[in-house]
Structures are given as structure tokens and as C-alpha cells.
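Reviewing the structure listed below.
This chain uses plain numbering: 1 for the first residue, then up along the sequence. In each ligand, atom 1 is the first atom listed, and ligand 1 is the first ligand listed. Treat the numbers as computed from the prediction; the structure is a model and nothing was measured.
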Amino acid sequence: MRRKITVIGAGHVGAVTAHGILTKQLGDVILLDVQGGVAQGTALDLMQMAPLVGFSSSVQGVTDYRDTADSDVVVITAGMARRPGMSREDLVTTNAQIVWEVTRRAAVYSPNAHLIVVTNPLDVMCYVALKASGFPPQRVYGQSGVLDSARFRTFVAIELGVAYEDVHALVLGGHGDDMVPLVRHAFVGCVPLCYLLTPDRIQELVNRTRHGGAEIVSLLKQGSAYFAPAASTVHMIEAVLQDKKRIMPVSVYLQGEYGLSDLYFGIPAVVGAKGVEQVIELELNSEERALLIRSAERVRQAMKIAKEHLRGTGACK
Ligand SMILES: NC(=O)c1ccc[n+]([C@@H]2O[C@H](COP(=O)([O-])OP(=O)(O)OC[C@H]3O[C@@H](n4cnc5c(N)ncnc54)[C@H](O)[C@@H]3O)[C@@H](O)[C@H]2O)c1
Ligand SMILES: O=C(O)C[C@H](O)C(=O)O
């Protein structure tokens with residue numbers, strides 16, 4: 001039997017994620033949006049690729065959560081994207097409300113699903129989805145580090161003129177301007193990055209990675225990136241549905257790991273059929289630890305705003 005994947009939010013990221021799921025034949029897609037015509041129109045457009053691309057899965061655009069019942073994976077992309085001059089945290093109250101509502105409704109119909117959160121500010125929205133769903137943290141996690149790491153790898157590969165897939169690098173921490181690209185853990189082939197570029201040049205690539213989302217927002221002007229974010233999300237869905245046990249940075253609920261508790265934060269994890277199957281604790285030096293703590297502080301500040309907002313609306317205690 002084919003797997004069922006619901007994508008909530010049929011905007012830029014949602015539509016391209018659905019496209020990736022279909023072309024990789026990962027399962028049937030339900031695309032749900034609060035704007036009915038958007039979900040239906042996008043689904044029809046995607047379906048008409050089938051004879052050309054050769055996939056056999058189906059895609060349906062809906063507005064009714066009953067159509068999402070018994071999904072294996074629910075991807076949450078619903079919400080506002082930022083505009084030039086905004087930080088991701090500026091979206092926190094609007095998107096907390098949306099993510100709370102869509103998660104509660106989806107969770108009722110798919111109590112055994114994995115929830116993969118994409119909406120920003122990412123780490124806070126994962127927390128909102130955890131509380132709204134009541135699911136175990138192992139099945140509620142977020143996409144950010146796969147994208148941030150892909151950006152870092154891309155910039156290094158371009159700089160050195162080597163194949164993108166031969167650059168291995170990890171970006172940890174919150175999905176914000178204080179994210180932590182781990183230079184000591186970056187390799188080109190088997191060669192440490194610090195042997196290949198000067199510290200100043202590496203720092204420039206680190207800074208470009210940290211602001212990689214904002215760079216695209218400032219160019220697009222109407223919204224934020226979506227091709228690489230969707231590809232990153234599909235990479236995670238594939239790891240879950242095919243039980244790949246891939247190691248990737250994921251926003252996971254920390255319960256003491258890295259000395260942090262009760263927050264979602266990007267760290268390397270093993271992702272497979274059970275969701276976040278293992279959290280990997282890297283040996284960090286004092287400078288890396290300090291950067292992670294600064295990033296965690298920023299996530300906590302935005303979490304506080306989200307919690308106060310949701311309490312104020314009566315959504316949660
Ligand atoms: N985590 C990441 O790495 C990452 C990357 C890119 C974008 N994002 C975030 O993903 C979100 C979506 O980005 P986008 O570019 O697709 O935006 P978009 O505006 O193109 O699409 C958002 C969609 O959500 C829908 N929506 C809003 N409220 C809804 C609700 N209550 N129920 C159902 N659907 C609802 C809208 O109608 C719209 O179609 C943003 O918050 C953005 O910041 C995160
Ligand atoms: O930058 C954004 O607002 C969208 C996303 O988080 C990204 O990193 O591209």
C-alpha cells in the first residue's frame with residue numbers, strides 16, 4: 001500500500017515539497033490550504049505532470065481535515081513567510097496561532113503520524129506543534145539544519161570549485177541569525193576545511209550561511225526561499241518513510257542533551273521509521289558551546305513570546 005503524506009500549506013514550500021514527494025514516488029499527497037482554490041489548483045497542476053514524469057502516486061487538494069486521515073507524515077508549511085527587513089522571529093505570534101490550529105486539527109485525524117514542521121520561526125513552531133499535538137517528541141521535529149548545512153556546503157563547494165556532494169558540513173543550533181556552522185567538523189573529501197581556506201575566508205562563508213535565508217528574501221522581495229527548503233524537507237520524509245536511518249541535523253526536542261532542556265534546537269540525529277531515533281552528542285570545544293548557548297537563548301526568547309501569545313488567546317495553559 002502506498003504511504004500517505006499530508007502537506008499543510010499549499011504555498012511555495014508546500015507546493016515544491018509535494019512536487020518532490022511525487023517525483024521521488026514517496027507516496028500519495030494530500031495538499032491542504034486554508035485557501036481552497038490554491039490547494040486544488042496546485043494539486044491539479046501537479047497531477048498533470050504524471051504522464052510526463054511517470055509517477056503513479058496521486059495528489060489531491062483539499063480544505064477538509066477529514067481528507068488527511070491516517071497520514072503517515074504531516075508536513076506543516078502553513079503560515080506567513082518573512083519580507084525584507086523582517087527576522088524570522090517577527091513571524092512568531094501570527095504563525096504560532098496558525099501552527100497551533102493546524103496541528104490540533106491534523107493530529108485528531110492522524111494520531112500516529114510524524115509531524116515535520118517547516119513554518120518559521122522553526123524551533124519555536126516545533127514546540128507549538130509538540131504541545132498542540134500531544135504526540136511524543138520522537139515524532140515531532142523540524143526542518144532547518146538540512147537546509148542550513150546545504151547552504152554552507154554549497155558556498156564551500158563554489159569557493160573551492162569541487163563537487164557539492166563532496167563537501168560535508170553541519171550547521172547546528174536555532175534556525176536564526178545565531179545558527180552555528182561547525183567549521184571544525186567541515187570536510188572537503190577527507191580534508192578538513194581549515195587546511196584549504198584561510199580563517200578569514202571561512203568566516204565570510206560562515207556569515208553568508210547564517211544570513212542565507214535573508215539574502216534570498218532581500219532578492220525575492222515577496223517571500224522567502226522554497227526550492228532548497230522543500231528539497232530538505234523531502235530528504236527528511238524519505239529518511240522516515242524508507243527507514244534510512246540517515247544522520248542529519250534536525251530540530252529536536254532536547255531533554256538534557258548538550259546541557260539544554262525543554263526546547264527545540266538543531267542538532268545531529270539519526271532519522272528513520274521511528275522519527276528521531278537517536279540524538280548524536282558531538283564533542284564541542286568551549287567556543288562552539290558558547291555559540292550554541294547564545295543561539296539557544298535566542299530560541300528561548302521567541303518561545304516565551306509564543307507561549308504568552310497562545311496563553312493570551314486561551315489556546316494553551
Ligand atoms: N524551516 C525552513 O527552513 C523554512 C524554509 C523556507 C520557508 N519556511 C517557512 O515556511 C512557511 C511557508 O513559507 P512559503 O514560502 O511556503 O509561504 P507561502 O506564503 O507561499 O505559503 C504559505 C501558505 O500557508 C497557507 N496558510 C496560512 N494559514 C493557513 C492555515 N491556517 N491553514 C492552512 N494553510 C494556511 C497560506 O494560504 C499559503 O498558501 C513560512 O513560515 C516560512 O518562513 C521555513
Ligand atoms: O529565511 C527565511 O525566512 C526562510 C527560511 O527560513 C530560509 O532559511 O530560507
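In this structure, the protein non-hydrogen atom closest to atom 12 (C) of ligand 1 is T77 O, 3.1 Å. Counting protein heavy atoms only, atom 34 (N) of ligand 1 is closest to V34 N, 3.3 Å. Ranking protein heavy atoms by distance to atom 17 (O) of ligand 1, first place goes to A81 CB, 3.9 Å. Looking from atom 16 (O) of ligand 1 to the surrounding protein, the closest heavy atom is V13 N, 2.8 Å. Looking only at protein heavy atoms, the nearest one to atom 40 (C) of ligand 1 is M80 O, 3.1 Å. With respect to atom 21 (O) of ligand 1, the closest heavy atom belonging to the protein is G11 CA, 3.2 Å. Protein heavy atom in closest approach to atom 39 (O) of ligand 1: D33 OD2, 2.7 Å. H175 NE2, 2.6 Å is the protein heavy atom nearest to atom 6 (O) of ligand 2.
Between H12 and ligand 1, a contact under 3.5 Å exists for at least one N or O pair. Looking at L32 next to ligand 1, no N or O pair under 3.5 Å apart turns up. The shortest N or O to N or O distance between T119 and ligand 1 is not under 3.5 Å. At least one N or O atom of N120 sits closer than 3.5 Å to an N or O atom of ligand 1. Checking only distances, V102 never comes within under 3.5 Å of ligand 1, N or O to N or O. Residue R88 has at least one nitrogen or oxygen atom sitting less than 3.5 Å from a nitrogen or oxygen atom of ligand 2, judged on distance alone. The shortest N or O to N or O distance between Q143 and ligand 1 is below 3.5 Å.
Shown here is H235, whose NE2 atom has more than 12 heavy atoms of other residues, nucleotides or ligands within 6.0 Å. The number of heavy-atom neighbours closer than 6.0 Å to CE of M80, taken from other residues, nucleotides and ligands shown, is 12 or below. Atom CD of Q242 sits in a crowded spot, with more than 12 heavy atoms from other residues, nucleotides or ligands closer than 6.0 Å. Taking a 6.0 Å sphere around NZ of K245, one finds it holds more than 12 heavy atoms contributed by other residues, nucleotides or ligands. Counting non-hydrogen atoms of other residues, nucleotides and ligands closer than 6.0 Å to CZ of R184 gives a total above 12.
Here L26 contributes atom CG and S57 contributes atom OG; the two are 8.0 Å apart, rounded to the nearest 0.5 Å.
Contact check on K274 versus E277 returns no salt bridge, with no Lys/Arg side-chain nitrogen under 4.0 Å from an Asp/Glu carboxylate oxygen. The existence of a salt bridge linking R3 and D72 is confirmed by a sub-4.0 Å separation between a basic side-chain nitrogen and an acidic carboxylate oxygen. Between D178 and R298 there is a salt bridge, since at least one side-chain N of the basic residue sits less than 4.0 Å from a carboxylate O of the acidic one.
At least one heavy atom of Q35 sits less than 4.0 Å from an atom of ligand 1. At least one heavy atom of A225 sits less than 4.0 Å from an atom of ligand 1. Residue contacts with ligand 2 leave out I216, since none of its heavy atoms falls under 4.0 Å from the ligand.
F265 and G174 make their closest contact through CE1-N, 3.2 Å (heavy atoms, listed as atom of the first residue, atom of the second, distance).
Taking all heavy atoms of G79, A10, G142 into account, the minimum distance to atom 22 (C) of ligand 1 is reached by G79. Across the listed options V99, V118, L220, V118 owns the non-hydrogen atom lying nearest to atom 10 (O) of ligand 1. Counting heavy atoms only, R82 comes closest to atom 2 (C) of ligand 2 of the residues R151, Q143, E215, R82.
Within ligand 2, the atoms closer than 4.0 Å to a non-hydrogen atom of G213 are 1 (O), 7 (C), 8 (O), 9 (O), numbered from 1 in the order shown. Listed by number with element, the atoms of ligand 2 under 4.0 angstrom from any heavy atom of A225 are 9 (O). Interface of L147 with ligand 1, defined as ligand atoms under 4.0 Å from a residue heavy atom, comprises 3 (O). Taking a cut-off of under 4.0 Å to the non-hydrogen atoms of I98, the atoms of ligand 1 that pass are 28 (N), 29 (C), 30 (C), 31 (N). Residue N95 approaches ligand 1 through these ligand atoms, each under 4.0 Å from one of its heavy atoms: 41 (O). Of all the atoms in ligand 2, the ones that sit under 4.0 Å from a non-hydrogen atom of S224 are 2 (C), 3 (O), 4 (C). Residue-ligand proximity, L122 to ligand 1, at heavy-atom distances under 4.0 Å covers atoms 1 (N).
In the hydrophobic clustering of ILVMFWY residues, with side-chain heavy atoms under 4.5 Å counting as a link, M236 and V171 come out apart.
A donor-acceptor contact shorter than 3.5 Å links the side chain of T119 to the backbone of I76. No side-chain donor-acceptor contact under 3.5 Å links T42 to the backbone of A39. Under the 3.5 Å distance criterion, the side-chain polar atoms of D90 are matched with a main-chain donor or acceptor of S87.
Between H114 and Y141, the two ring planes are perpendicular [angle over 60°; tilted spans 30° to 60°].
Counting heavy atoms closer than 4.0 Å to ligand 1, residue P229 contributes side-chain atoms (C-beta onward) but none from N, CA, C or O. In S232, neither the side chain nor the backbone holds a heavy atom less than 4.0 Å from any atom of ligand 1. With a heavy-atom cut-off of 4.0 Å, D148 does not touch ligand 2 at all. Looking at E101 against ligand 1, nothing comes within 4.0 Å, counting heavy atoms.
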Decide salt bridge (charged side-chain N to carboxylate O under 4.0 Å, His left out) for R153 and E165; before the verdict, give the C-alpha distance in whole Å, the side-chain angles of both, and the deciding distance to 0.1 Å. CA-CA 8 Å; R153 294 169 63 194; E165 52 280 47; over 6 Å; no
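Side-chain contact between Q255 and Y253 is present, with at least one heavy-atom pair separated by less than 4.5 Å.
I267 pairs with exactly one of L282, L260, V276, L254 by the side-chain contact (heavy atoms from CB on, under 4.5 Å) rule, that one being L254.
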